[in-house]
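Notes to accompany the following structure.
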Amino acid sequence: MARKFFVGGNWKCNGTAEEVKKIVNTLNESQVPSQDVVEVVVSPPYVFLPLVKSTLRPDFHVAAQNCWVKKGGAFTGEVSAEMLVNLDIPWVILGHSERRALLNESNEFVGDKVAYALAQGLKVIACVGETLEQREAGSTMDVVAAQTKAIADRVSNWSNVVIAYEPVWAIGTGKVASPAQAQEVHDELRKWLAKNVSDDVAATTRIIYGGSVNGGNCKELGGQADVDGFLVGGASLKPEFIDIIKAAEVKKSA
């Protein structure tokens with residue numbers, strides 16, 4: 001079964017209510033491939049989730065950018081998976097490198113988060129990726145495998161998991177992994193899943209690329225055999241996000 005192309009837009013900590021309405025309006029008016037060709041998910045900051053959920057076109061879905069590792073309670077400032085389910089938010093991004101680096105989220109903590117979110121019925125975009133130092137030291141796959149293993153150790157059903165490979169050195173820097181570099185890691189990740197989880201999970205799990213994806217590089221990146229879509233940062237706030245969604249057509253014509 002072919003893996004459906006997946007395009008996620010991570011708005012990060014950006015936007016005002018007026019700006020968000022404009023972005024949603026642009027998305028709602030856009031002409032993009034149908035849902036059988038591409039799955040589109042946008043991830044606004046928490047405070048704008050209800051606004052986006054209520055105004056966004058029905059064929060696009062909404063994700064939170066994070067959630068707490070267990071049931072809610074005395075955890076000031078956190079938002080639980082149960083709250084997202086209650087708001088009918090279907091997706092959540094977990095383990096983004098900015099949270100791993102700035103908030104010291106460990107592989108194990110991210111793995112626990114992924115398992116808990118899935119158990120509550122959320123779908124998860126789970127992020128993995130190496131720093132520039134790790135890449136230059138030749139340890140990319142060791143790092144990415146350890147991050148993925150922490151998830152695999154806690155998750156048995158992968159049907160609601162999308163893996164986002166985001167080389168940290170390419171996020172917001174303007175540096176992009178070459179199509180060959182992206183394909184190499186995606187291919188190795190898929191082989192790791194086949195060896196350590198199952199052939200079926202390796203064949204069906206979507207592995208998307210993130211890291212300075214834009215309208216100019218998305219088609220070549222998307223044309224790689226094991227690149228199943230993108231997690232887009234800054235460009236998801238701009239009209240070129242539409243061009244990135246349209247890059248799904250490269251798979252259809254392949």
Would you find more than 12 non-hydrogen atoms of other residues, nucleotides or ligands less than 6.0 Å from K53 atom NZ?
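Result for NZ/K53: enclosed.
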Take atom CD in Q183; do more than 12 heavy atoms of anything else shown fall under 6.0 Å from it?
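It does: Q183 CD has more than 12 such atoms within range.
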Out of curiosity, does V85 fall in the hydrophobic cluster containing I93 (side-chain heavy atoms, cut-off under 4.5 Å, transitive links)?
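As far as the 4.5 Å side-chain criterion goes, V85 and I93 are not connected within one cluster.
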Can V114 be reached from V79 by stepping across I, L, V, M, F, W or Y side chains whose heavy atoms are under 4.5 Å apart?
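V79 clusters together with V114.
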Regarding [X] and [Y], do their side chains bring together a donor and an acceptor under 3.5 Å, going by distance alone?
{"X": "N157", "Y": "S159", "answer": "yes"}
{"X": "K113", "Y": "N66", "answer": "yes"}
{"X": "D59", "Y": "Q35", "answer": "no"}

Over 60° means perpendicular and under 30° means parallel, so classify the ring planes of W68 and F75, tilted if in between.
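Taking W68 first and then F75, their aromatic rings sit tilted (interplane angle of 30° to 60°).
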Please determine which of L84, V41, L122, V62 meets the side-chain contact (heavy atoms from CB on, under 4.5 Å) test together with W91.
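The option that passes is V41.
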Atom of [X], atom of [Y] and distance for their closest heavy-atom approach:
{"X": "L49", "Y": "A63", "value": "CD2-O, 3.5 Å"}
{"X": "I242", "Y": "S30", "value": "CD1-CB, 3.3 Å"}
{"X": "A182", "Y": "L221", "value": "CB-CD2, 4.1 Å"}
{"X": "L189", "Y": "I163", "value": "CD1-CG2, 4.1 Å"}
{"X": "W11", "Y": "S236", "value": "CD1-OG, 3.3 Å"}
{"X": "A115", "Y": "R154", "value": "CB-O, 3.7 Å"}

Backbone N or O of [Y] within a donor-acceptor pair of the [X] side chain at under 3.5 Å?
{"X": "S212", "Y": "G174", "value": "yes"}
{"X": "R135", "Y": "T131", "value": "no"}
{"X": "D243", "Y": "K246", "value": "no"}
{"X": "Y46", "Y": "F48", "value": "no"}
{"X": "Q181", "Y": "S178", "value": "yes"}
{"X": "N196", "Y": "W192", "value": "yes"}
{"X": "R99", "Y": "N104", "value": "no"}
{"X": "N28", "Y": "R57", "value": "yes"}
{"X": "Q147", "Y": "G129", "value": "yes"}
{"X": "K123", "Y": "V162", "value": "no"}

Step by step, work out the side chain to side chain contact (heavy atoms under 4.5 Å, CB included) result for I244 and V213.
CA-CA 8 Å; I244 298 170; V213 177; 4.1 Å; yes
What I'd like to find out is whether the side chain of [X] reaches to under 4.5 Å of the side chain of [Y], using heavy atoms alone.
{"X": "I125", "Y": "V92", "result": "no"}
{"X": "E240", "Y": "N214", "result": "yes"}
{"X": "E130", "Y": "D142", "result": "no"}
{"X": "Y165", "Y": "V227", "result": "no"}

Please determine if [X] and [Y] form a salt bridge, counting it only when a charged side-chain N lies under 4.0 Å from a carboxylate O.
{"X": "K22", "Y": "E19", "answer": "no"}
{"X": "R100", "Y": "E105", "answer": "no"}
{"X": "R190", "Y": "D228", "answer": "yes"}

Before you tell me yes or no, could you show the steps for E39 and R206 under salt bridge (Lys or Arg N to Asp or Glu O under 4.0 Å), namely the whole-Å CA-CA distance, both residues' side-chain angles and the distance that decides it to 0.1 Å?
CA-CA 11 Å; E39 186 168 6; R206 290 172 291 184; 2.7 Å; yes
